[in-house]
There are 2 protein chains.
Amino acid sequence: MDTKTKSRYEAKAKIIKAMSHPTRLFIVDKLSRSEQCVCELTEMVGDDMSTVSKHLSVLKNAGIVSDEKRGTQIFYSLRVPCVLKFFSCVESVLKTNAKEQASLVR
Amino acid sequence: MDTKTKSRYEAKAKIIKAMSHPTRLFIVDKLSRSEQCVCELTEMVGDDMSTVSKHLSVLKNAGIVSDEKRGTQIFYSLRVPCVLKFFSCVESVLKTNAKEQASLVR
DNA sequence: ACAATCCTTGGCTATTTGGCAAAATAGAAA
DNA sequence: TTTCTATTTTGCCAAATAGCCAAGGATTGT
């Protein structure tokens, strides 16, 4: 694989990697409905705020979310709605896997 | 986040995580055109065969690819074509990021 | 100025990951 | 059987990741 091809796959992988954590997936799911401040997300996730903040910076760094400061709070929102398509595909993979599991038992 | 919700997000994240490595993305891309044996993929990727084999087992474990032994070779193929949709979205994220970069320079 | 609130950053530890090389396995062919 | 050949597994090490806590901005309100 030549260097140029490689770095293109690296750039793509970075974006997918940003989505590859349960908490970040949860956050993206929430943001798909409406923007949220860090404190609200922290509340929903249940981890330390610093942990949530780090997850958000990963998503922001990948270009998946954007942030806006309003007063003392920072609101995050989904910048590229197409990532929501991941969910339906992932669910169909899970379904396919479950079917296969079932057929093995039979 | 309750335990059940959490484990659902974990299952989804696992699938996305399997796609979150440049080499594995490359492999999925190749398999989208036609099935390939490990030796062919190893040749294209340029890493050690044991490394490629490990990547393939990650993809297989996630349910993204399936394998079939024929003679001495093992052919891998894409089990869930919907993962290809990831590519177009990821590309649009890259494009959006590039645009933003450009506007900052201006 | 001071305190309170919201958020991010740095430091630490534990865990996971990715890579190669060597050893083990499975099947084909001789 | 023995010997290839294709692939996987194991062992090891370096690097990356996730989590918490404590410390450090920034902004609002007193």
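Numbered from 1 within each chain, the chains take letters A, B, ... in sequence-line order. Values reported hereafter were calculated over all heavy atoms of this structure, with side chains retained and with hydrogens, waters and symmetry mates removed.
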TODO: Compare all side-chain heavy atoms of B:Phe26 with those of B:Met44 and state whether any distance is below 4.5 angstrom.
DONE: yes
Open item on the list: What is the separation between atom CD1 on B:Ile27 and atom C1' on C:dG18, rounded to the nearest whole Å?
Closed with: 13 Å
Task: Side-chain ion pair, A:Lys17 and A:Glu10, N-O less than 4.0 Å - done: no
Task: Phosphate OP1/OP2 of D:dG19: any A:His21 side-chain N/O under 4.0 Å - done: yes
TODO: Side chain of A:Gln73 only, please: which of C:dC6, D:dT8, C:dT8 is the nearest?
DONE: C:dC6
Open item on the list: Tell me whether the NZ or CZ atom of B:Lys6 lies within the 45° cone about the ring axis of B:Tyr9 and under 6.0 Å from its centre.
Closed with: no
Task: Options C:dC20, D:dC20, D:dT9, nucleotide nearest the side-chain atoms of A:Ser50 - done: D:dC20
Open item on the list: Output the rounded distance in Å from CG (A:Asp47) to C1' (D:dC21).
Closed with: 14 Å
- [ ] Figure out the CD/P separation between A:Glu68 and C:dT8, and round it to whole Å.
- [x] 14 Å
TODO: Check whether any side-chain nitrogen or oxygen of B:Lys17 sits under 4.0 Å from OP1 or OP2 of C:dT17, and answer yes or no.
DONE: yes
Open item on the list: Side-chain heavy atoms nearer than 4.5 Å, only ILVMFWY residues, links allowed to pass through others: does that put A:Phe87 and A:Leu94 together?
Closed with: yes
Open item on the list: Quick check: any donor-acceptor pair below 3.5 Å linking the side-chain of A:Thr72 to the base of C:dA4?
Closed with: no
- [ ] May I have the distance from B:Asn61 (atom CG) to C:dG18 (atom P), rounded to whole angstrom?
- [x] 13 Å
Task: A:Thr51 side-chain proximity, nearest of C:dC7, D:dC20, D:dT8 - done: D:dC20
Open item on the list: I want to verify a distance call: between C:dC7, C:dC20, D:dG19, whose nearest atom is closest to the A:Lys54 side chain?
Closed with: D:dG19
TODO: For C:dT8, take OP1 and OP2 only and decide whether either is under 4.0 Å from a side-chain N or O of A:His55.
DONE: no
- [ ] Measure from CG on A:Asp48 to P on C:dC6 and round the result to the nearest Å.
- [x] 14 Å
- [ ] Scan B:Lys60 against the nucleic acid and name what it touches under 4.0 Å (heavy atoms): base, sugar-phosphate only, or nothing.
- [x] nothing
TODO: Please figure out whether B:Ser20 or A:Asp67 has its closest DNA chain C nucleotide nearer the 5' end.
DONE: A:Asp67
- [ ] Could you tell me whether the side chains of A:Gln36 and A:Ser34 share a donor-acceptor contact shorter than 3.5 Å?
- [x] yes
Task: Spacing of A:Lys69 atom NZ relative to C:dC7 atom C1', expressed in whole Å - done: 7 Å
Open item on the list: Tell me the interatomic distance from B:Ile16, atom CD1, to D:dT17, atom P, rounded to whole angstroms.
Closed with: 17 Å
Open item on the list: Expressed as a whole number of angstroms, how long is the span from A:Met49:CE to C:dC7:P?
Closed with: 5 Å
- [ ] Assign each of A:Arg70 and A:Val58 to its nearest nucleotide of DNA chain D by heavy atoms, then name whichever residue's nucleotide is nearer the 5' end.
- [x] A:Val58
Task: N or O in side chain of B:Tyr76 less than 4.0 angstrom from D:dT8 OP1/OP2 - done: yes
